K.L.:
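Below: one structure in structure tokens.
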Amino acid sequence: MSDQDFDNEFDKDAPQWVAEEETSAYEQERGHDDNNDDNDAYSDEKEYRSDGEQVHSIVPASEMLPERIYLLPIHNRPFFPAQVQPLVINRERWEETMRRVGNTPHHTIGVAFVGETGVDSLSADDFPEIGTAVKVHKLKGEDQQIQFIAQGLQRFKIQRWLSKEPPYLVEVSYPKEPVDAENEETRAYAMAIINGIKELLPINPLYGEELKHYLNRFSPNQPGPLTDFAAAITSAKGPALQEVLSTLPVAERMQKVLPLLRKEIDVAQLQSEISEQVNAQMQERQREFFLREQLKVIQRELGISKDDRENDVDTFRARLENLTVPERVQERIDEELHKLSVLETGSPEYGTTRGYLDWLTCLPWGVTSDDNLDLPHAREVLDRDHDGLKDVKERIIEFLAEGKFKGDVGGSILLLIGPPGVGKTSVGRSIAEALGRKFYRFSVGGMRDEAEIKGHRRTYIGAMPGKMVQAFKDVEVQNPVIMLDEIDKLGQSFQGDPASALLEVLDPEQNVDFLDHYLDVRMDLSKVLFVCTANTLDSIPAPLLDRMEQIRLSGYIAEEKMAIAKHHLWPKLLKRDNLSKKRINLTDAALRQVIEGYAREAGVRQLEKQLHRIVRKAAVKLLENDQETVKVSVKNLEEFLGAPIFRKEKVLKGEGVVTGLAWTSMGGATLPIEATKVHALDRGFKLTGKLGDVMQESANIAYSYTLGHLKEYGADVDFFDSAFVHLHVPEGATPKDGPSAGISMTTALLSLAKHQAIPRPLAMTGELTLTGQVLPVGGIREKVIAARRSDIFEVILPEANRRDYDELPDFLKEGMTVHFANRYRDVARVVFD
């Protein structure tokens with residue numbers, strides 16, 4: 001049914017209804033309804049106050065109200081007899097009810113408050129016993145709604161249900177409201193309510209002229225309607241208002257309404273105070289805005305553009321629009337902006353303040369990037385960028401997996417330890433790419449001034465922030481990966497100790513409130529992932545080392561270098577020089593010869609240099625000989641690189657000759673040790689080979705132990721009585737130190753005394769005590785790699801290093817025969833059988 005059909009049907013069925021709709025609610029109250037005076041719920045009478053002033057009184061005419069009425073449930077708050085206001089109801093649900101009300105001669109409906117109960121689940125028990133009978137005026141149907149003006153008439157009490165399904169029909173009575181208007185207490189309450197309503201008027205003008213109109217109609221002699229009206233204008237909850245509606249004694253009802261009215265006044269006063277404060281702030285800002293706009297207009301009229309100071313202030317404010325600046329930092333920025341706005345642009349302090357604000361506003365306050373903690377993606381990135389390093393990759397994957405469960409990898413410090421050229425820096429870059437974070441690297445090698453870490457104080461000319469602040473400015477996020485390269489080469493001077501300054505940067509307990517001397521505001525470094533690199537641990541301060549998670553990168557064996565050269569180094573060099581693989585053909589045999597003859601170091605940096613030499617020489621051949629391709633093979637390799645630097649080393653054999661294993665900052669190395677009898681004129685012992693203090697002590701211990709146990713190992717007990725023995729470690733120009741050659745030197749001396757050479761390739765490492773104990777040493781991985789590089793596949797290690805050997809990757813242990821020794825007799829048993 002359309003809206004027009006709905007209205008027309010009401011016009012047809014209820015002409016008297018339509019006639020009444022043309023008369024206002026107020027005219028109905030005053031008795032101006034000429035059509036049907038009997039339908040008025042209130043009759044107009046005149047009364048006089050004690051002071052003689054004439055007032056209007058609304059007297060309920062309960063005898064004119066119907067005994068049977070239809071019910072309309074409402075949910076927000078109950079309807080009071082003193083109210084006249086529009087109601088909007090659902091057309092589909094209540095259309096039949098309103099049609100039946102329109103067909104009645106009295107056009108009255110009962111309104112009952114049912115609270116939050118849904119319409120579909122309503123039952124007779126959900127309706128309160130007391131409701132309000134209202135008269136319906138100006139009924140209109142629009143879309144899915146019905147609107148009408150409801151004029152509250154009088155309370156009703158449900159006596160009997162005639163229909164418990166919509167349309168709800170009940171039999172009602174209209175209870176009397178006992179009141180003693182002459183009672184002093186009642187009059188006092190009535191005056192208090194009137195005064196409360198008048199007090200509410202200036203605070204909350206929402207009710208306006210309507211409130212004044214109704215106040216002129218009520219008097220203390222009519223406390224019932226007055227109390228209902230006072231309750232109706234409050235914003236109290238529905239259940240509290242229903243309790244007022246259900247209270248029939250007026251005196252008791254007034255006692256319940258007065259606190260509600262007082263609370264409404266208090267809330268209105270608080271709202272008024274808040275509004276005044278907001279208006280005051282708005283007026284101040286509007287005034288400032290208008291003044292600024294006027295200044296701009298005046299400048300435009302005079303042809304004066306913005307000066308540098310205004311441009312600077314606007315630039316700095318624009319930078320901060322999308323940042324989440326900490327409160328203390330924002331306060332400092334506001335102070336400096338105010339200072340900048342009053343300084344002369346030519347003053348030195350202006351330049352200092354502007355530079356300071358430039359740094360403060362270009363930092364990424366509150367800006368972070370999302371971490372990618374997907375382990376398959378991380379494996380793909382690491383495998384793509386690096387060949388070998390299986391244990392290192394697994395350690396990084398474990399680190400990322402831990403961060404996945406923790407939800408964050410910030411605040412961690414990784415230390416990559418290894419010889420030069422093994423890829424420590426590139427591993428750090430791959431970690432950043434796997435995480436999806438920005439990467440920033442700076443070297444701290446040789447750094448002597450702590451101001452490079454924590455910045456200079458602004459009192460100095462040319463003061464600058466520290467490296468951490470500069471990193472944030474470059475990466476534009478607060479959670480990058482920052483690499484501190486060569487951390488084992490930090491220096492110290494009278495200018496400060498940068499290693500101590502790094503403690504505040506790297507310590508997760510301190511870097512939440514890192515203080516840069518230049519900025520002089522606290523910064524949060526806890527979201528940064530720090531990756532440090534070092535060749536050795538000896539020079540790193542213990543407090544700094546204690547805060548790092550160590551990951552070792554050892555040297556590469558020949559097979560790993562082959563893979564790295566083929567997959568990374570050679571393609572990168574060709575791409576850099578814009579050459580294709582077809583034009584320069586490097587055979588696998590030639591590449592292996594380059595690795596074994598020209599680049600035997602632990603890393604691959606020297607290998608890259610040699611490959612670059614080949615590319616340069618080949619480029620000359622391509623241009624001068626007008627060749628299409630150049631083939632580099634084992635036969636012509638010396639044309640490109642010259643004679644090999646390293647020849648195939650033969651393992652030294654003979655009496656008194658032993659191969660030891662040593663660790664250096666460049667990786668592992670084999671260490672031949674030679675002992676020989678010089679003459680038999682007198683007894684003596686001589687050491688050569690540029691040995692350090694510790695190594696000389698190891699040689700003396702080996703000599704003493706050998707002298708004391710010649711008989712035990714079946715040697716000539718009188719050999720050293722008249723023998724002058726010379727012990728030499730080749731490559732005398734290279735400094736060598738450490739205790740790990742103890743068992744090697746003892747074996748060399750014992751071999752000399754037994755006149756028995758070691759018959760097979762065998763290498764060993766371990767520290768020896770005077771009592772024959774074999775103590776553990778470091779660098780097992782590097783030493784095993786050095787043995788394999790020299791084609792030695794049988795080694796002797798201390799028993800205490802068994803765990804280190806077991807943790808080596810399988811490809812390093814493949815084909816190796818390893819003996820573990822607790823005492824030197826275990827070594828002698830393996831060597832001399």
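Just so we're clear, the structure is a prediction, and the values are computed from it rather than from any experiment. Throughout, numbering of the chain's residues begins at 1 and tracks the sequence. As a basis for the values below, the full set of heavy atoms in this structure was taken, side chains included, without hydrogen atoms, waters or symmetry mates.
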K.L.:
Should the heavy atoms of other residues, nucleotides or ligands under 6.0 Å from CG of D374 be counted, would the total exceed 12?
P.N.:
yes

K.L.:
Using modelled atom types only, decide if a donor and an acceptor are shared between the side chain of K424 and the backbone of T533 within a distance under 3.5 Å.
P.N.:
no

K.L.:
Taking all non-hydrogen atoms of both residues into account, name the closest pair between K489 and N535 and its distance.
P.N.:
NZ-OD1, 2.6 Å

K.L.:
Can any side-chain N or O of R522 pair as donor or acceptor with the backbone N or O of F514 at less than 3.5 Å?
P.N.:
no

K.L.:
Could you tell me whether the side chain of V477 reaches within less than 4.5 Å of the side chain of R437, counting heavy atoms only?
P.N.:
no

K.L.:
Salt bridge (Lys or Arg N to Asp or Glu O under 4.0 Å), that's the test. Do E433 and R384 meet it? Break it down for me.
P.N.:
CA-CA 11 Å; E433 184 176 350; R384 182 197 66 198; 2.6 Å; yes

K.L.:
Do V427 and I396 touch side chain to side chain, with heavy atoms closer than 4.5 Å?
P.N.:
yes

K.L.:
Is the shortest side-chain heavy-atom distance between I551 and F399 below 4.5 Å?
P.N.:
no

K.L.:
Show your reasoning for whether side-chain hydrogen bond (donor to acceptor under 3.5 Å, both in side chains) applies to D334 and Q330.
P.N.:
CA-CA 6 Å; D334 292 339; Q330 186 63 54; 3.0 Å; yes

K.L.:
Knowing that exactly one of V422, L416, L537 qualifies, which makes a side-chain contact (heavy atoms from CB on, under 4.5 Å) with R552?
P.N.:
L537

K.L.:
Measuring only between side-chain heavy atoms, which start at C-beta, is L414 closer than 4.5 Å to I431?
P.N.:
yes

K.L.:
In sequence, state the C-alpha distance, the side-chain angles, and the governing distance for R441 and D485, and then conclude on side chain to side chain contact (heavy atoms under 4.5 Å, CB included).
P.N.:
CA-CA 7 Å; R441 172 194 169 273; D485 224 348; 2.7 Å; yes

K.L.:
Looking only at heavy atoms, which two atoms of L525 and F472 are closest? And how far apart?
P.N.:
CD2-CE1, 3.3 Å

K.L.:
So, do I540 and L415 sit near enough that their side-chain heavy atoms are less than 4.5 Å apart?
P.N.:
yes

K.L.:
If you measure from CG on L340 to CD on E349, what distance do you get to the nearest 0.5 Å?
P.N.:
10.0 Å

K.L.:
Side chain to side chain contact (heavy atoms under 4.5 Å, CB included), that's the test. Do N511 and L506 meet it? Break it down for me.
P.N.:
CA-CA 6 Å; N511 62 13; L506 299 179; 5.9 Å; no

K.L.:
Yes or no on side chain to side chain contact (heavy atoms under 4.5 Å, CB included) for V481 and Y440, after CA distance, side-chain angles and deciding distance?
P.N.:
CA-CA 6 Å; V481 174; Y440 185 86; over 6 Å; no

K.L.:
How far does CD1 of I413 sit from CG of L502, to the nearest 0.5 angstrom?
P.N.:
9.5 Å

K.L.:
Specify the closest pair of heavy atoms between E264 and S235, including all atoms of both residues, with the distance to one decimal.
P.N.:
OE1-OG, 2.7 Å

K.L.:
Whether R354 and E336 form a salt bridge (side-chain N of Lys/Arg under 4.0 Å from carboxylate O of Asp/Glu) is what I want to check.
P.N.:
no

K.L.:
Report, as yes or no, whether the 6.0 Å neighbourhood of atom CZ on R616 holds more than 12 heavy atoms from other residues, nucleotides or ligands.
P.N.:
yes

K.L.:
What distance do N801 atom CG and I780 atom CD1 have between them, rounded to the nearest 0.5 Å?
P.N.:
4.0 Å

K.L.:
With side chain to side chain contact (heavy atoms under 4.5 Å, CB included) as the criterion, how do R379 and E394 come out once you've worked through the C-alpha distance, each side chain's angles and the decisive distance to 0.1 Å?
P.N.:
CA-CA 9 Å; R379 289 186 186 275; E394 286 301 320; 2.9 Å; yes

K.L.:
Can you check whether S426's main-chain N or O pairs, donor with acceptor, with S430's side chain at less than 3.5 Å?
P.N.:
yes

K.L.:
Check for a donor-acceptor pair, side chain of Q550 on one end and backbone N or O of I417 on the other, with a separation under 3.5 Å.
P.N.:
no

K.L.:
Determine whether M468 and D516 make a side-chain contact, defined as any pair of heavy atoms from C-beta on separated by less than 4.5 Å.
P.N.:
no

K.L.:
Taking the side chain as C-beta and beyond, is there a heavy-atom pair between L323 and P364 under 4.5 Å?
P.N.:
no

K.L.:
Counting only heavy atoms not in R287, do more than 12 fall under 6.0 Å of its CZ?
P.N.:
no

K.L.:
Which pair of heavy atoms, one from H386 and one from K393, lies closest together, and at what distance?
P.N.:
O-NZ, 2.6 Å

K.L.:
Taking K561 for the side chain and L607 for the main chain, is one N or O donor matched with an acceptor at less than 3.5 Å?
P.N.:
no

K.L.:
Quick one: pull up CG in L337 and CG in L320 and give me the separation to the nearest 0.5 Å.
P.N.:
7.5 Å

K.L.:
Can you name the nearest heavy-atom pair linking V329 to W365, along with the distance?
P.N.:
CG1-CZ2, 3.7 Å

K.L.:
Backbone N or O of K473 within a donor-acceptor pair of the W359 side chain at under 3.5 Å?
P.N.:
no

K.L.:
Can you name the closest pair of heavy atoms from V777 and S740 and give their distance?
P.N.:
CG1-CB, 3.6 Å

K.L.:
List the steps, then state whether salt bridge (Lys or Arg N to Asp or Glu O under 4.0 Å) holds for E335 with K339.
P.N.:
CA-CA 6 Å; E335 291 173 5; K339 183 194 297 185; over 6 Å; no

K.L.:
Quick check: does any side chain N or O of K404 sit under 3.5 Å from a backbone N or O of L375, one acting as donor and the other as acceptor?
P.N.:
no

K.L.:
May I ask you to decide if K527's main-chain N or O and N479's side chain share a donor-acceptor pair within less than 3.5 Å?
P.N.:
no

K.L.:
Can you tell me how far the CG atom of L261 sits from the CD1 atom of I265, to the nearest 0.5 Å?
P.N.:
4.5 Å

K.L.:
Would you check if the side chain of D371 reaches a backbone N or O of L373 as a donor-acceptor pair within less than 3.5 Å?
P.N.:
no

K.L.:
Taking Q510's backbone N and O only, do any of them form a donor-acceptor pair with E504's side chain (distance below 3.5 Å, no angle check)?
P.N.:
no

K.L.:
Is atom CG of D806 surrounded by more than 12 heavy atoms (other residues, nucleotides or ligands) closer than 6.0 Å?
P.N.:
yes

K.L.:
I need the I482 CD1 to F442 CZ distance, nearest 0.5 Å.
P.N.:
6.5 Å

K.L.:
Between R605 and E608, is there a salt bridge with N-O shorter than 4.0 Å?
P.N.:
no

K.L.:
What salt bridge (charged side-chain N to carboxylate O under 4.0 Å, His left out) pairs are there with at least one residue in residues 319-330, not counting sequence neighbours?
P.N.:
R319-D358

K.L.:
Got L503 and R547 here, is their nearest side-chain heavy-atom distance under 4.5 Å?
P.N.:
yes

K.L.:
Going by the rule side-chain hydrogen bond (donor to acceptor under 3.5 Å, both in side chains), which residues pair with T353 if we only count those two or more places apart in sequence or in a different chain?
P.N.:
none

